Amino acid sequence: TATVVPVGYKREDKEQVGTGPFKLQSFTPGAESVHVRYDGYWGGAAYLDEVQNIDFAPTFIDLAGKKVPDWMQGLSLLPLLKDNQKTLSRKYLYYHYYEYPIDHHVAPHLGIRGERYKLIYFYTLDEWELYDLQEDPNEEKNLAAFKEFTPVLKKMKEELLKARDKYDDHETAGQLH
């Protein structure tokens with residue numbers, strides 16, 4: 001038995017797109033295979049934006065029939081693949097990007113993403129960004145300075161701190177110690 005883990009695929013415009021079920025569109029032996037998203041895999045449109053590379057190890061452990069350690073950050077994808085579950089049980093996704101200036105030339109930052117809101121803290125610049133992913137999926141309007149979003153900003157900051165504690169990420173980051 002083999003397990004195929006699609007890490008992504010390319011569209012005709014060469015932009016990397018998503019993860020998840022795919023089907024082969026064309027194949028040139030020894031050169032290239034082109035895959036396209038197969039939304040019918042789960043009987044409907046697949047929503048896999050919440051799947052992360054940190055979920056691969058727990059999935060492999062689960063496939064092997066072993067218990068996923070509590071300290072592991074990711075979640076097993078098996079419920080999505082076998083149990084017709086449509087979403088993961090992850091309420092928030094935490095990340096810490098610190099590789100500046102390597103690769104992407106993006107300032108170091110911490111972030112947390114929930115179902116509706118995403119909070120980013122660029123700690124070397126001491127700048128916060130808050131986005132409403134339902135109303136602004138392209139993240140074009142930073143809501144952090146808008147008074148009406150103060151309660152959302154406060155809640156997301158609390159969730160960010162909880163996640164830092166959960167994953168024992170206590171590296172000094174601007175206002176956060």
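This is a predicted model, so every value here is computed, not measured.
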Practice item. Report yes if the side chains of Glu159 and Tyr94 come closer than 4.5 Å at any heavy-atom pair, otherwise no. Key: no
Review point. What distance separates Lys157 NZ from Leu130 CG, expressed to the nearest 0.5 Å?
Key: 9.5 Å
Review point. Given side chains that start at C-beta, do those of Thr124 and Tyr98 come closer than 4.5 Å, heavy atoms only?
Key: no
Exercise for review: Kindly determine whether Glu158 and Lys155 satisfy salt bridge (Lys or Arg N to Asp or Glu O under 4.0 Å), including the steps that lead there.
Suggested key: CA-CA 5 Å; Glu158 289 169 2; Lys155 171 73 172 153; 5.1 Å; no
Review point. Does Tyr121 use its side chain to pair, donor to acceptor, with the backbone of Gln175 at less than 3.5 Å?
Key: yes
Review point. Do Glu135 and Arg116 touch side chain to side chain, with heavy atoms closer than 4.5 Å?
Key: yes
Review point. Is a side-chain N or O of Arg90 found less than 3.5 angstrom from the main chain of Gly74, in a donor-acceptor match?
Key: no
Review point. How many angstroms lie between atom CG of Leu133 and atom CG of Asn138, to the nearest 0.5 angstrom?
Key: 10.0 Å
Review point. Got a donor-acceptor contact below 3.5 angstrom from the Asp132 side chain to the Asp136 backbone?
Key: no
Check your understanding: Quick check: does any side chain N or O of Arg113 sit under 3.5 Å from a backbone N or O of Lys118, one acting as donor and the other as acceptor?
Key -> no
Practice item. Report whether Val68 and Ile54 are members of the same hydrophobic cluster (ILVMFWY, side-chain heavy atoms less than 4.5 Å apart, transitive linking). Key: no
Point to revise | Value rounded to 0.5 Å, distance of CG in Asp62 from CG in Leu78 | key: 4.5 Å
Review point. Among the clusters formed by ILVMFWY side chains lying less than 4.5 Å apart, do Trp71 and Ile61 turn up in the same one?
Key: yes
Exercise for review: Measure the spacing between NE2 of His109 and CD of Glu127 and express it to the nearest 0.5 Å.
Suggested key: 13.0 Å
Check your understanding: Once you round to the nearest 0.5 Å, how far does CG of Leu93 lie from CD1 of Ile112?
Key -> 8.0 Å
Point to revise | Geometric cation-pi criterion Lys141 and Phe146, 6.0 Å radius, 45° cone | key: yes
**Study point:** Path from Tyr92 to Met72 over hydrophobic side-chain contacts below 4.5 Å
**Key:** no
Exercise for review: Report the residues that fulfil side-chain hydrogen bond (donor to acceptor under 3.5 Å, both in side chains) with Tyr131, sequence neighbours left out, ordered by chain and then residue number.
Suggested key: Glu129
Practice item. Might you work through the side-chain contact (heavy atoms from CB on, under 4.5 Å) test for His170 and Asp165, ending with a clear yes or no? Key: CA-CA 7 Å; His170 294 288; Asp165 285 342; 2.7 Å; yes
**Study point:** Whether Asn142 side chain and Trp128 backbone form a donor-acceptor pair below 3.5 Å
**Key:** yes
Check your understanding: Okay, side chain of Asp55, backbone of Leu75: is any donor-acceptor separation there less than 3.5 Å?
Key -> yes
Review point. Any side-chain heavy atom of Tyr123 sitting closer than 4.5 Å to one from His96?
Key: yes
Check your understanding: With a 4.5 Å limit on heavy-atom distance, are the side chains of Tyr117 and Leu153 in contact?
Key -> no
